[in-house]
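Everything below concerns the one structure shown next.
In the text below, chain A, chain B and the rest are named by the order of the sequence lines, each starting its count at 1. As the structure is a computational prediction, the values presented were derived from the model and not from experiment. Quick note: numbers below take in every heavy atom, side chains included, and nothing from hydrogens, waters or symmetry partners.
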Amino acid sequence: MQIATFNINGIKARINALPDWLREASPDVVVLQEIKSVDAAFPRELFEDMGYTVETHGQKSFNGVAILSKLPLEDVTRGLPGDDGDEQARWIEATVMGDVPVRVCGLYLPNGNPAPGPKYDYKLAWMARLKTRAAELLAAEEPALMAGDYNIIPLDEDAARPEAWRKDALALPASRAAFREILNLGFTDAFRTRVPGPGHYSFWDYQAGAWQRNDGIRIDHILMTPDCADLMRDCRIDAAVRGGEKPSDHVPVVVDLAA
DNA sequence: ATGACCTCGTCCCGAGGA
């Protein structure tokens with residue numbers, strides 16, 4: 001089973017590029033971030049006609065996440081627990097009913113800039129709630145993964161120019177520590193089990209020819225519980241998508257599970 | 001050497017992103 005995460009930066013803007021990639025890569029499941037659309041405006045028929053079940057958790061203009069799946073979904077929930085006052089659409093989960101059921105969480109973690117400030121406080125508070133949910137997933141001792149745009153550069157090797165990010169919310173020590181806290185509960189970063197070392201990115205800014213110069217960062221991650229990691233066959237970043245027609249500034253990350 | 005982009009909204013600029 002192939003499960004992908006893809007920050008599409010607007011479903012309307014990616015109305016051709018996303019279906020093109022789905023036809024080419026044919027993932028069984030994809031979690032989307034930044035759909036930037038309310039649920040009613042999401043072009044669900046387009047994806048249903050391609051064989052996908054569509055579950056969205058959208059909002060106007062900003063944020064918004066979704067799950068597309070060729071396999072049946074059960075127990076869909078929306079919103080990250082822990083703050084009933086949080087209006088931002090950044091979390092969705094569902095159980096994918098393959099040969100082995102897998103709990104799939106799609107997330108769009110807050111950017112947090114400028115730091116320090118209220119937006120950074122929101123990022124760290126959101127990560128604390130994420131850690132709580134992550135601990136629950138581990139306690140269930142079942143295959144589960146959390147995939148999405150984490151807006152975290154875990155290590156210097158995950159940026160082409162680490163010094164440029166030193167004071168950024170994506171790489172500040174407190175951001176990295178919060179990400180490590182979650183990893184240290186017992187999660188596995190799928191991509192890093194397959195490919196070590198620098199030079200592997202999932203985001204390139206639209207500005208300044210970042211793609212052409214390979215001035216990227218790795219901020220889209222798939223974190224797996226041990227029961228899920230035991231099923232992993234492969235993981236890849238589909239970087240070529242960034243060079244396509246009218247691309248998102250992010251590219252898909254794909255994990256292959258024996259499930 | 002410097003500057004350089006893109007998306008959405010009810011919209012020709014500002015906010016947000018990373």
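When rounded to the nearest whole Å, the span between CG of A/Asn7 and P of B/dG16 equals 17 Å. One interatomic measurement links the two molecules: CZ of A/Arg242 to C1' of B/dA18, which rounds to 12 Å at whole-angstrom precision. The separation between A/Glu87 atom CD and B/dG16 atom P is 16 Å, rounded to whole Å. Taking atom NE2 of residue A/His221 and atom C1' of nucleotide B/dA18, one finds them 13 Å apart after rounding to whole Å. Protein atom CD1 of A/Ile8 is 9 Å distant from nucleotide atom P of B/dC8, rounded to whole Å. Per the geometry, CG belonging to A/Asp158 stands 17 Å off P belonging to B/dA18, to the nearest Å. One interatomic measurement links the two molecules: CG of A/Leu109 to C1' of B/dG16, which rounds to 16 Å at whole-angstrom precision. For the pair A/Gln88 CD and B/dG17 C1', the interatomic distance rounds to 12 Å; values are reported in whole Å.
Between A/Lys246 and B/dT7 there is a side-chain polar atom (N or O) within less than 4.0 angstrom of OP1 or OP2. Between A/Arg14 and B/dT7 there is a side-chain polar atom (N or O) within less than 4.0 angstrom of OP1 or OP2. Between A/Lys36 and the phosphate of B/dG9, there is no side-chain N or O to OP1/OP2 separation shorter than 4.0 Å. Between A/Asn111 and B/dG17 there is no side-chain N or O to OP1 or OP2 distance below 4.0 Å. A close approach under 4.0 Å does occur between a side-chain nitrogen or oxygen of A/Tyr108 and OP1 or OP2 of B/dA18.
Rounded to whole Å, the separation between the P atoms of B/dC11 and B/dA15 comes to 15 Å. Taking atom P in both B/dG14 and B/dT10, one finds a spacing of 16 Å when rounded to whole Å. Taking atom P on both nucleotides, B/dC6 is separated from B/dA18 by 16 Å, rounded to a whole Å. Taking atom P on both B/dG3 and B/dT7, the two are 23 Å apart, rounded to the nearest angstrom.
Of the candidate nucleotides B/dA18, B/dG9, B/dG17, B/dG17 has the atom lying nearest to any side-chain atom of A/Arg90. Set against B/dG9, B/dA4, B/dA18, the side chain of A/Glu34 has B/dA18 as its closest nucleotide. Of the candidate nucleotides B/dA4, B/dG17, B/dC8, B/dA4 has the atom lying nearest to any side-chain atom of A/Ala208. Among the nucleotides B/dA4, B/dC8, B/dA18, the one closest to the side chain of A/Asn113 is B/dA18. Comparing B/dA18, B/dC8, B/dC5 by their nearest atom to the side chain of A/Phe203 picks out B/dA18. Checking B/dC8, B/dC6, B/dA18 against the side-chain heavy atoms of A/Ser61 singles out B/dC8 as nearest.
When the nearest nucleotides of DNA chain B are assigned to A/Gln59 and A/Ile217 by heavy-atom distance, the more 5′-ward of the two goes with A/Gln59. Position along DNA chain B of the nearest nucleotide to A/Lys60 versus A/Gln207 favours A/Gln207 as the more 5'-ward residue.
Here A/Arg236 pairs with A/Asp238 in a salt bridge; the nearest charged N to carboxylate O distance falls below 4.0 Å. The residues A/Arg192 and A/Glu157 are annotated as salt-bridged, a charged nitrogen and a carboxylate oxygen being separated by less than 4.0 angstrom. Checked for salt-bridge contact, A/Arg103 and A/Glu93 meet the test: a charged N lies under 4.0 Å from a carboxylate O.
Of the candidates A/Thr5, A/Asp149, A/Asn9, A/Asn7, A/Thr5 is the only one forming a side-chain hydrogen bond (donor to acceptor under 3.5 Å, both in side chains) with A/Gln33. For the salt bridge (Lys or Arg N to Asp or Glu O under 4.0 Å) with A/Arg194, the qualifying choice from A/Asp189, A/Asp234, A/Asp256 is A/Asp234, the only one to do so.
Heavy atoms of A/Asn151 sit under 4.0 angstrom from primed sugar atoms or phosphate atoms, though from no base atom. Looking at heavy-atom distances under 4.0 Å, A/Asn9 makes contact with sugar-phosphate atoms alone, never a base. Using a 4.0 Å heavy-atom distance criterion, A/Asp220 is classed as making no nucleic acid contact. Within 4.0 Å of A/Ala13, counting heavy atoms only, lie sugar-phosphate atoms of the nucleic acid but no base atom.
A donor-acceptor pair under 3.5 Å is absent between the side-chain atoms of A/Lys36 and the main chain of A/Gln59, judged by distance alone.
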Step-by-step side-chain contact (heavy atoms from CB on, under 4.5 Å) determination, A/Asp215 to A/Asp205
CA-CA 8 Å; A/Asp215 179 11; A/Asp205 202 288; over 6 Å; no
